[in-house]
There are 2 protein chains.
Amino acid sequence: MRKKRTTIYDIAEKLNITASSVSRALNNSNYVNENTKKLILKTAAELNYKRNTIASNLRSGQSKTIGIVVPRINQNFFANVIAGIEDATYEKNYNLIICQSNEQEEKEVKCVNTLINQQVDCIVISVSADSHDHTHLKNVIEHGIQLIQFDRVVDELETLKVINDNEQASLEAVSHLIEQGYKRIALLEGPQNLDIFKQRKAGYLKALKKHKIPVVHDLIIENAWTKELGAEGTRKLLSMPKPPDAIFASTSDFSALGVLEVATAMGFKVPSELGICGYSNEAFTEITSPSITTIDQFSIYMGKTIANLYFQEMENKETEVIPKIISIKPKLIIRSSTSRKG
Amino acid sequence: MRKKRTTIYDIAEKLNITASSVSRALNNSNYVNENTKKLILKTAAELNYKRNTIASNLRSGQSKTIGIVVPRINQNFFANVIAGIEDATYEKNYNLIICQSNEQEEKEVKCVNTLINQQVDCIVISVSADSHDHTHLKNVIEHGIQLIQFDRVVDELETLKVINDNEQASLEAVSHLIEQGYKRIALLEGPQNLDIFKQRKAGYLKALKKHKIPVVHDLIIENAWTKELGAEGTRKLLSMPKPPDAIFASTSDFSALGVLEVATAMGFKVPSELGICGYSNEAFTEITSPSITTIDQFSIYMGKTIANLYFQEMENKETEVIPKIISIKPKLIIRSSTSRKG
DNA sequence: TTGTATGCGTTATCAA
DNA sequence: TTGATAACGCATACAA
């Protein structure tokens, strides 16, 4: 069923020249007669010739392909980062191979290996939640493949990194809550083996300390990073004898949504009796009632940054000093769910 | 910087055998001594050998890669379809190359050509809004590459297709509105060069006809397929001397959201004075107030269906009759924005 | 069961 | 400016 494709030999044969000349013309080399070049290009178009990138890649030893591994493709943040990367790489004729780890280390390892097999030039990864062993990532480096971590990074691995300043963002969010007069602020935290969640917690603690508010450990709920878990944690919190007057869902807006739903169901008024702050600026946070205060991570921009970082690193090998870690400052988006003053 | 990778020759050399034996062992051929096979596999692991998929693909003439072209990666529906495809193809060790056309025909053509160059085995595409010429798609077929269209398909192109039954879904949605007592039902329609939007309009017209409601052309708003355009159309509709009592935003939930915002701002009560129905079951439709009635397209399932369709088609070449078009019946999700009866 | 030889389509090097 | 040839790494038909 697969018909034979036109190759440079077909073109050469038809024009009574050699494949080398055809190859040169197709690559716009200067060492071809202008007229034969035109003729070759014309014939190539007539024969509907398409370059065999695989053969070309095998010969040249590079694939012009970037591999991406994310926990889930269809999560807003990741989809946006990928879109950003695609945008920036498209112009340079790079391809993207996308894999999702489904938050499982085992699948993550398989994905990474596949990408190594594929001879990708660069692997961009945000590690999965249950990722603990990192030999597969070291392997990437050993194979001479550029490794760029983003968002969820493994700190001890010395690679290029593009991250959000999570601690600062959390600090600002919690400070904002305090300024709004909230005094018992609860934290929904994410898996602490992921640095991003550690940092968000650190920002929370820092804000409390800065404002001399004591840390109440009962107000910190572990592993509340889905809507359901967020809801569950909220039920617990709001049933306490002294419930919190604000909840910082540091894991995600989904978790914050869980908070909002439970709070509303339990008759707590938002924001007057309970302040809510999420994380990620998912589209829906703007249209809930009340709308949810959250933190924008500039995800598309983050993708573009990742791509450009790679290109820079390629171009100036050892000629320029390149920052190894790019930290993007997220932005606190203040909305109704935390606005009880002016 | 890129170190030399281990090849089958390195393994062969080390074990004093030939590359063919190594190749056979690595491919789990039966024509290798069990012991040497074990030895080879062990040595391969020791040397951190990774198969060069590019070379392998060049040799075997197939790439085990599926190319995907969608208007936007970070749109919920497409992200979900891709996630579904990834899920189903991952087990079979297929790779995905993802491109976005940004709704531009020119970029779509470039994407498709890149994928042809990459020797992908299959191209999965949902055409962009301004797509008119389809020679690039015919080209895919001419190159012996399996072409699967989904959602936004070009009808006249005889390829495998996975679609939603848009007409039926719209018919049900509008019928539901009528049953709820709405009498002047407006339609926000999408670009009519895309079949999906034609079909949705057809469903709308069919429902009116079925219930003997006359078509009022002023109630049909063209090209209202973003939140902004939906809002604009709604302002127009609700300013009419005889405004509609329901709006079917057949293009998307975003458009429906625009309707809801404008309606609320203009003081129309939803659903009592104005019914609203969207399309796609975006996550946010569940949490607006009121929640929005919409149509679920089973996007992840759609992705899996696409992948399985490809595998079936590959396996039973000419042995079985395969349906060329798979139509998935979307589901009407009735929520508050249209519920004014018991 | 193993080895030999060849080709997949392209490009780089060298010679003409 | 063009042509001949080798090489990228792997897989397979054929011979041994």
Side-chain angles (χ1 to χ4, degrees), chain A residues 2-41 43-44 47-65 93 116-121 143-144, chain B residues 2-41 43-44 47-65 93 116-121 143-144:
Chain A
R2 171 156 299 207
K3 301 154 203 163
K4 202 180 162 320
R5 294 170 173 229
T6 336
T7 71
I8 52 173
Y9 282 98
D10 299 326
I11 300 174
E13 194 175 9
K14 182 153 186 192
L15 296 179
N16 256 323
I17 51 178
T18 57
S20 337
S21 292
V22 177
S23 174
R24 278 189 284 262
L26 257 23
N27 288 307
N28 205 16
S29 151
N30 291 320
Y31 304 102
V32 208
N33 183 291
E34 268 305 316
N35 292 324
T36 40
K37 188 190 282 187
K38 272 180 200 151
L39 192 60
I40 289 168
L41 259 31
T43 316
L47 296 180
N48 200 2
Y49 168 81
K50 305 274 173 195
R51 175 203 305 269
N52 183 332
T53 314
I54 299 207
S56 175
N57 288 344
L58 175 61
R59 184 59 236 251
S60 64
Q62 54 149 26
S63 63
K64 280 216 164 203
T65 298
N93 288 314
I116 296 177
N117 291 353
Q118 283 287 339
Q119 319 286 111
V120 297
D121 297 335
H143 276 83
Chain B
R2 172 156 300 207
K3 301 155 203 164
K4 204 181 164 317
R5 295 170 173 227
T6 12
T7 72
I8 52 173
Y9 285 98
D10 299 326
I11 300 174
E13 195 175 6
K14 182 152 184 193
L15 296 179
N16 259 321
I17 52 177
T18 57
S20 10
S21 291
V22 177
S23 173
R24 278 190 282 260
L26 258 22
N27 289 308
N28 204 16
S29 152
N30 290 321
Y31 304 102
V32 208
N33 182 292
E34 269 305 318
N35 292 323
T36 41
K37 187 189 280 187
K38 271 180 201 155
L39 192 59
I40 289 168
L41 259 31
T43 316
L47 297 179
N48 200 2
Y49 167 83
K50 304 274 173 193
R51 176 201 305 267
N52 184 331
T53 314
I54 300 209
S56 174
N57 288 343
L58 177 61
R59 178 60 232 250
S60 64
Q62 55 148 23
S63 63
K64 280 215 164 202
T65 300
N93 288 314
I116 296 178
N117 291 354
Q118 284 285 339
Q119 320 284 110
V120 296
D121 296 336
H143 276 83

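Sequence lines set the chain letters: A, B, ... in the order given, protein chains first and strands last, and positions in each chain run from 1.
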Exercise for the section: For N52(A) and dG7(C), give me the distance from atom CG to atom P, rounded to whole Å. Expected result: 17 Å

Exercise for the section: Measure from the side-chain N and O atoms of K37(B) to the backbone N and O of V22(B), and report whether any donor-acceptor pair falls under 3.5 Å. Expected result: no

Exercise for the section: Respond yes when some side-chain nitrogen or oxygen of Y49(A) is under 4.0 Å from OP1 or OP2 of dT10(C), and no when none is. Expected result: yes

Practice task
With DNA chain C as reference, determine whether V32(B) or A55(B) sits nearer its 5' end, using the nearest nucleotide of each.
Solution key: V32(B)

Problem - Worked verdict on Q119(B) versus T65(B) for side chain to side chain contact (heavy atoms under 4.5 Å, CB included) - result: CA-CA 8 Å; Q119(B) 320 284 110; T65(B) 300; over 6 Å; no

Exercise for the section: Would you confirm whether K50(A), through its side chain, and H143(B), through its main-chain N or O, come within 3.5 Å as a donor-acceptor pair? Expected result: no

Exercise for the section: Look at the side chain of T6(A) and the backbone N and O of L47(A), then say whether any donor-acceptor pair between them is shorter than 3.5 Å. Expected result: yes

Handout entry: Rounded interatomic separation in angstrom, taking CD1 from I116(B) and C1' from dG9(C)
Key = 17 Å

Problem - Whichever of T36(A) and Y9(B) has its nearest DNA chain D nucleotide further upstream toward 5' - result: T36(A)

Problem - Distance below 4.0 Å between R51(B) side-chain N/O and dA11(D) OP1 or OP2 - result: yes

Handout entry: Side-chain (D121(A)) to main-chain (Q62(A)) donor-acceptor, under 3.5 angstrom
Key = no

Practice task
Could you check S56(B) against R51(B) for side chain to side chain contact (heavy atoms under 4.5 Å, CB included), going step by step and ending with a plain yes or no?
Solution key: CA-CA 8 Å; S56(B) 174; R51(B) 176 201 305 267; 4.3 Å; yes

Practice task
Would you kindly give the CD-to-C1' distance between E34(B) and dT2(C), to the nearest whole Å?
Solution key: 15 Å

Problem - Interatomic distance, K50(A) NZ vs dT10(C) P [rounded to whole Å] - result: 13 Å

Handout entry: Gap between atoms CD1 and C1', on I54(A) and dT10(C) respectively (whole Å)
Key = 12 Å

Exercise for the section: Can you sort out which residues in residues 17-29 of chain A have a heavy atom within less than 4.0 Å of DNA chain D? Ascending by number, please. Expected result: I17(A), T18(A), S20(A), S21(A), R24(A)

Practice task
Report the nucleotide, chosen from dT1(C), dT1(D), dC10(D), that has the shortest atom-to-atom distance to any side-chain atom of Y31(B).
Solution key: dT1(C)

Practice task
Please state whether the phosphate of dG9(C), meaning OP1 or OP2, lies under 4.0 angstrom from any side-chain nitrogen or oxygen of S56(A).
Solution key: no

Exercise for the section: Specify the separation, in whole Å, of atom CG of N57(B) and atom P of dC10(D). Expected result: 12 Å

Practice task
Could you tell me the separation between the NZ atom of K38(B) and the C1' atom of dT1(C), rounded to a whole number of Å?
Solution key: 16 Å

Handout entry: Terminal axis angle for the helix from dT1(C)-dA16(D) to dA16(C)-dT1(D), five pairs an end, nearest 10 degrees
Key = 40°

Handout entry: Whole-Å gap separating P (dA5(C)) and CD1 (I8(B))
Key = 16 Å

Handout entry: Sidechain-backbone polar pair: S23(B) side chain, A19(B) backbone, donor-acceptor under 3.5 Å
Key = no

Problem - Check: N33(A)/R24(A) side-chain N/O donor and acceptor closer than 3.5 Å - result: no

Problem - Which atom of A25(B) lies closest to which atom of V32(B), heavy atoms considered - result: N-CG2, 3.9 Å

Problem - T53(B) backbone acceptor or donor facing N117(A) side chain under 3.5 Å - result: no

Handout entry: Among dT1(D), dG9(C), dC10(D), the nucleotide that comes nearest once only the side chain of R59(B) is considered
Key = dC10(D)

